[in-house]
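What follows is a set of notes on a single structure, which appears directly below.
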Number of protein chains: 2
Amino acid sequence: MRKAFFLTRAEENYIKTIFHLGGNETQLISTNSIAEEMETKPSSVTDMAKRLARKGLVNYVRYQGVTLTEKGKKTALSIVRKHRLWEVFLVKKLDFNWDEVHEVAEQLEHIKSEKLIDKIDELLDFPKYDPHGDPIPTKSGEFQERDKQLLSELPIMAKGVCVGVKDTSSSFLQYLDKNNIALGHSIQILEREDFDDSIEIAIDGRRLHISNQIASNLYVKQHD
Amino acid sequence: MRKAFFLTRAEENYIKTIFHLGGNETQLISTNSIAEEMETKPSSVTDMAKRLARKGLVNYVRYQGVTLTEKGKKTALSIVRKHRLWEVFLVKKLDFNWDEVHEVAEQLEHIKSEKLIDKIDELLDFPKYDPHGDPIPTKSGEFQERDKQLLSELPIMAKGVCVGVKDTSSSFLQYLDKNNIALGHSIQILEREDFDDSIEIAIDGRRLHISNQIASNLYVKQHD
DNA sequence: TCCTAAATTTAGATGAATCTAAAAATAGTT
DNA sequence: AACTATTTTTAGATTCATCTAAATTTAGGA
Ligand SMILES: [Mn+2]
Ligand SMILES: [Mn+2]
Ligand SMILES: [Mn+2]
Ligand SMILES: [Mn+2]
């Protein structure tokens, strides 16, 4: 019998990063891009790429980059699932604000207990999205990106419901809080300023003027 | 300004073990006893003892052993607090049985977020004891052992309420479940067999015969 | 095709956490 | 006081995860 399969915390973090960079597709993810994303050095990434390849989690082509294997994808989805479920737990059950959950979820996602995460899922009534609007993979690994677009790309007078954020930094989320913009709110674009692409929107019966930088970090789903 | 104080998982586990072995008292705890408790080698303990001493968490006397410093005690209490609160959480909120919480709590106790554990405490309504009857230190570090004694040491005909377990192994806890013995139940000793120190008890209106091995792993608080 | 800049890997070092084997210290016993 | 068994420490090795500096490969012009 072969030794029980387990991953270190570092290995899990690499797998997750490769997944977020698109390593679940066909394209190879470069060591440099992984290093940048993880704030580490390319030489460290090379090292880890070899280790992950040896464990059968990535396909590694020297000087080219890596992609996730099927096993790697499954692993990535499981970690993403845990991360997002914990974020929901923190917000719904412990009254954390959506701008303070990420750091803690980064730790909690590495807790090894299938029963634990399934019970958390149940306690939360099997949520489909995390506090930032990102989809939560199911236990069996199904995962579907929501159909959405950036508010900045919505045509004039079109309406959409706010479904997610691209930037999840504290400062951005706090800006949204301060201006009473939250997921689920309906937004209509009233005018667009040619000079700086800032827009005037109607939200909650209020009118609000927001910069392009804000609008290009808010996801909406268009409706009529 | 000095570098932010943080402990690795291994360091936290050593501190906790030294605490459980009585290192909060005056007596020195030997490297051997720590190694045995942690299922590691004495030479590894020596190494760690030096590191912990350098960080000001233990007093280390070569060839003699270690005790916890004030800082070490505070750290130990904080870890024990987290461990026991998580155990309560798993039992009360996620329907874990009391025999399956320890392993998971061993992981959860290392999550670094003061807010998280305070919110869990609040969610549980500030419990005083964990599922095995062990006291939970307060946020400020107050900690008091409950006044209790082993069932095996209770005199004949005396009554006591079951308040804790000494052995927390799955097999022991499952034995108690099977025989419907749980914390809070009242127990009276009816007779004691001289030959093997087994005892006949009354619990819940039932009569039950239990071995000395069982009786010397159950804590009761005597009452009249 | 050749050259060069950028990306990537290799080589060698470090610290944490562990181990084994050997040396040293301690404690109990004649 | 000397011997010996036990405990403890030291020395040296290993694995993981990281780094820096140097070497190598790739890719995009000229
Ligand atoms: Mn997050
Ligand atoms: Mn999120
Ligand atoms: Mn426990
Ligand atoms: Mn316990």
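No experiment lies behind these values; they were computed from the predicted model shown. Per chain, numbering begins at 1; letters A, B, ... match sequence-line order. All values below come from the heavy atoms of this structure, side chains included, with hydrogens, waters and symmetry mates left out.
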* Decide yes or no, distance alone: a donor-acceptor N/O pair under 3.5 angstrom between the base of D:dT7 and the side-chain of B:T31. => no
* Asked: Given C:dC19, is OP1 or OP2 found less than 4.0 Å from the side-chain N or O atoms of B:S44?
  -> yes
* Given D:dA21, D:dT10, C:dT26, the nucleotide with the shortest approach to the side chain of B:Q64 -> C:dT26
* Structure fact -> In terms of heavy-atom contacts, B:F6 and B:K55 come closest through O-NZ, 3.3 Å
* Carboxylate-amine/guanidinium proximity below 4.0 Å for A:E106 and A:K16 -> yes
* **Within 6.0 angstrom of B:E153 CD, more than 12 heavy atoms from elsewhere** => yes
* Which sits closer to the 5' end of DNA chain D, A:Y63 or B:N32, going by the nucleotide each is nearest to? -> B:N32
* Structure fact -> Testing D:dT10, D:dT20, D:dT8 for proximity to the side chain of A:K41, the answer is D:dT20
* Roughly, in whole Å, what's the span from CG in B:L7 to C1' in C:dA16? -> 14 Å
* Of all the nucleotides listed (D:dC19, D:dT7, C:dA21), which has the minimum atom distance to the side chain of A:S43? -> D:dC19
* Asked: Can you tell me if the side-chain N/O atoms of B:R62 get under 4.0 Å from OP1 or OP2 in D:dT10?
  -> yes
* Structure fact -> Of the listed D:dT10, D:dC16, C:dA25, the closest approach to the A:T8 side chain comes from D:dC16
